[in-house]
Student: 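Okay, handing you the structure first.
Small disclaimer: the values here were computed from a predicted structure and weren't measured. Chain identifiers are assigned alphabetically (A, B, ...) following the order of the sequence lines, protein sequences preceding nucleic acid strands; residue numbering begins at 1 within each chain.
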Protein chains: 2
Amino acid sequence: MTPRSTRPRERGIPEATVARLPVYLRALQGLAERGILTVSSEDLASAAGVNSAKLRKDLSHLGSYGTRGVGYDVDYLVYQISRELGLTQDWSVAIVGAGNLGRALANYGGFGTRGFRIAALLDADEGVVGDEVAGLRVGHIDTLEDVVSAERVSIGVIAVPAVAAQGVCDRFVEAGVTSVLNFAPVVLNVPPAVDVRKVDLSIELQILAFHAQRKADGRATAPPAGRIGAKEKA
Amino acid sequence: MTPRSTRPRERGIPEATVARLPVYLRALQGLAERGILTVSSEDLASAAGVNSAKLRKDLSHLGSYGTRGVGYDVDYLVYQISRELGLTQDWSVAIVGAGNLGRALANYGGFGTRGFRIAALLDADEGVVGDEVAGLRVGHIDTLEDVVSAERVSIGVIAVPAVAAQGVCDRFVEAGVTSVLNFAPVVLNVPPAVDVRKVDLSIELQILAFHAQRKADGRATAPPAGRIGAKEKA
DNA sequence: ACGCCCTTGTGAAAGCACGCACAAAGTGGG
DNA sequence: CCCACTTTGTGCGTGCTTTCACAAGGGCGT
């Protein structure tokens with residue numbers, strides 16, 4: 001614990017790096033569970049499916065947490081990434097929509113890891129209100145505002161049909177939620193201060209179809225080079 | 001139908017553009033349903049949540065399908081984008097995992113739009129094999145290879161727990177599937193010729209948490225600027 | 001038939017992201 | 001105590017993305 005520069009990072013982690021940190025975190029937690037104490041950038045990169053230089057550069061944005069000639073201390077790095085991502089505090093999440101998707105989300109064990117607490121699961125359908133899902137009782141959509149303020153919900157998850165999504169989003173925003181995760185296939189309109197992320201099955205399928213067509217349309221001009229996967233064998 | 005250059009695009013649409021085409025397509029279909037025949041890049045961009053210059057450049061990669069001073073013919077553009085994405089042919093999709101997530105996917109009406117056909121919904125749990133979901137009977141995982149070859153499945157969807165994902169993926173690959181959509185929170189290992197896309201709830205949540213923390217940690221250095229959303233009012 | 005006005009399509013510039021390759025830094029053996 | 005080896009952290013070149021700004025093209029009113 002030498003004093004170091006005391007100024008590891010100076011704010012401003014590239015968005016592309018932020019998007020990969022959760023992947024590194026998961027890989028590290030897997031290593032930790034297997035009792036591995038130290039890992040090199042090469043090994044961690046391989047576990048996370050990225051280039052090792054990219055991994056090192058990503059981590060360098062958080063500070064100098066590695067030891068040359070040795071690698072990274074797994075537990076320490078888990079802690080640093082968790083802290084950077086804001087997972088050392090708990091975030092309350094409200095899920096709207098208790099259909100199959102909402103239930104799948106609610107059952108998503110421990111919500112990735114810890115750090116997220118499902119404060120409520122709401123639905124507009126009287127038929128499902130009152131059901132128990134993942135140890136939670138489904139509440140009525142009309143209690144959204146109460147739940148958000150009582151439970152200090154900071155992240156809203158929208159798992160309702162497309163036509164209802166903007167309405168739910170507006171209510172979240174009105175209630176003070178500034179982070180929204182949207183599973184409905186619509187573009188949400190929100191004020192600039194609100195952060196929206198989208199998860200969209202049909203978009204992913206269509207992107208796959210595009211590349212599949214490439215492969216089928218006679219020899220493609222370039223290999224698929226999927227943005228995410230396409231790694232070589234272990 | 002003037003002869004034009006007959007060489008509208010020459011192969012090689014940027015990946016970033018491909019990822020946005022489905023969004024444009026959906027926006028256009030919405031316009032078409034409302035009976036709108038023509039749209040300007042400005043209006044379409046607004047509906048899709050992007051910058052109009054970006055939209056024009058994206059569309060220019062497909063060819064010159066607009067009319068200066070007027071805009072784009074909605075139906076024609078729908079057709080061109082569909083064709084480019086490979087949606088004018090049908091793709092057979094097999095979903096493995098008939099839990100809440102698998103069911104949610106199977107029920108995802110018309111699978112976005114048309115273009116995708118669910119050839120099978122499979123599960124390893126004898127308890128759910130035989131259930132009817134979305135007009136489909138859940139089959140046993142052991143029939144995966146048969147289904148893939150009999151139904152000419154080209155896209156495999158993995159909606160199983162993390163520990164089972166790699167195994168299912170291997171079976172898909174072995175059976176000849178070259179496009180995989182993975183919902184399990186693991187990095188899949190596949191040969192280079194296979195295209196994998198990942199949808200991961202907990203990663204999205206963690207990215208939101210990062211930005212939320214930024215907002216909370218005193219005035220952020222920069223506004224959130226969510227990759228996806230954060231548009232202004234209509 | 002002419003000219004005004006609107007909107008597309010695209011050069012050019014700026015900003016990011018990626019990956020190579022290497023110097024710096026730390027470990028362990030002799 | 002020194003040297004050989006390992007692995008990090010990063011400067012730099014390259015290519016992709018985004019955005020601006022505007023010339024070219026086409027419709028419409030007169």
Student: Can you name the residues that form a side chain to side chain donor-acceptor pair (under 3.5 Å) with A:Thr17, not counting sequence neighbours?
Tutor: A:Asp58
Student: Where do A:Phe183 and A:Asp200 land on the side chain to side chain contact (heavy atoms under 4.5 Å, CB included) test, with the steps shown first?
Tutor: CA-CA 6 Å; A:Phe183 286 85; A:Asp200 193 318; over 6 Å; no
Student: Check the phosphate of C:dT7 against B:Ser41, side-chain N and O only, distance under 4.0 Å to OP1 or OP2. Yes or no?
Tutor: no
Student: With a 4.0 angstrom cut-off to heavy atoms of chain B, pull out the first and last contacting nucleotide of DNA chain D, in 5'-to-3' order.
Tutor: D:dT17 to D:dG27
Student: When the distance from CD of A:Glu42 to P of C:dC20 is rounded to whole Å, what number comes out?
Tutor: 10 Å
Student: Is a side-chain donor-acceptor pair under 3.5 Å present for B:Ser92 with B:Arg117?
Tutor: yes
Student: Can you confirm whether the side chains of A:Gln29 and A:Arg26 place a donor and an acceptor under 3.5 Å from each other?
Tutor: no
Student: Tell me which pairs pass side chain to side chain donor-acceptor pair (under 3.5 Å) where either residue lies in residues 167-180 of chain A, with sequence neighbours left out.
Tutor: A:Glu145-A:Arg171, A:Gln166-A:Asp170, A:Thr178-B:Lys215
Student: Between P on C:dT8 and CG on B:Leu62, what's the gap in Å once rounded to a whole number?
Tutor: 15 Å
Student: Between protein and nucleotides 25-30 of chain C, map the contacts as a letter string: B base, S sugar-phosphate only, - none, heavy atoms under 4.0 Å, written 5' to 3'.
Tutor: BSS---
Student: Knowing that exactly one of A:Leu25, A:Val18, A:Leu21 qualifies, which makes a side-chain contact (heavy atoms from CB on, under 4.5 Å) with B:Gln206?
Tutor: A:Leu25
Student: Is a donor on one side and an acceptor on the other found under 3.5 Å between the side chain of A:Gln213 and the backbone of B:Glu84?
Tutor: yes
Student: For the pair B:Tyr65 and B:Tyr72, evaluate ring pair (Phe, Tyr, Trp, His ring centres under 6.0 Å) and give the outcome as yes or no after the intermediate values.
Tutor: CA-CA 7 Å; B:Tyr65 297 139; B:Tyr72 299 89; 8.7 Å; no
Student: Could you list the protein-to-nucleotides 11-18 of chain C atom pairs, N/O on both sides, closer than 3.5 Å?
Tutor:
| unit_1 | atom_1 | unit_2 | atom_2 | d |
| --- | --- | --- | --- | --- |
| C:dG11 | O6 | B:Lys57 | NZ | 3.2 |
| C:dA12 | N6 | B:Lys57 | NZ | 3.1 |
| C:dC18 | OP1 | A:Arg20 | NH1 | 3.1 |
| C:dC18 | OP2 | A:Arg20 | NH1 | 3.4 |
| C:dC18 | OP2 | A:Arg20 | NH2 | 3.0 |

Student: Answer whether the closest heavy-atom distance between the side chains of A:Val74 and A:Leu37 falls below 4.5 Å.
Tutor: no
Student: Apply side chain to side chain donor-acceptor pair (under 3.5 Å) to A:Ser41 and list each qualifying residue two or more places apart in sequence or on a separate chain.
Tutor: A:Arg56
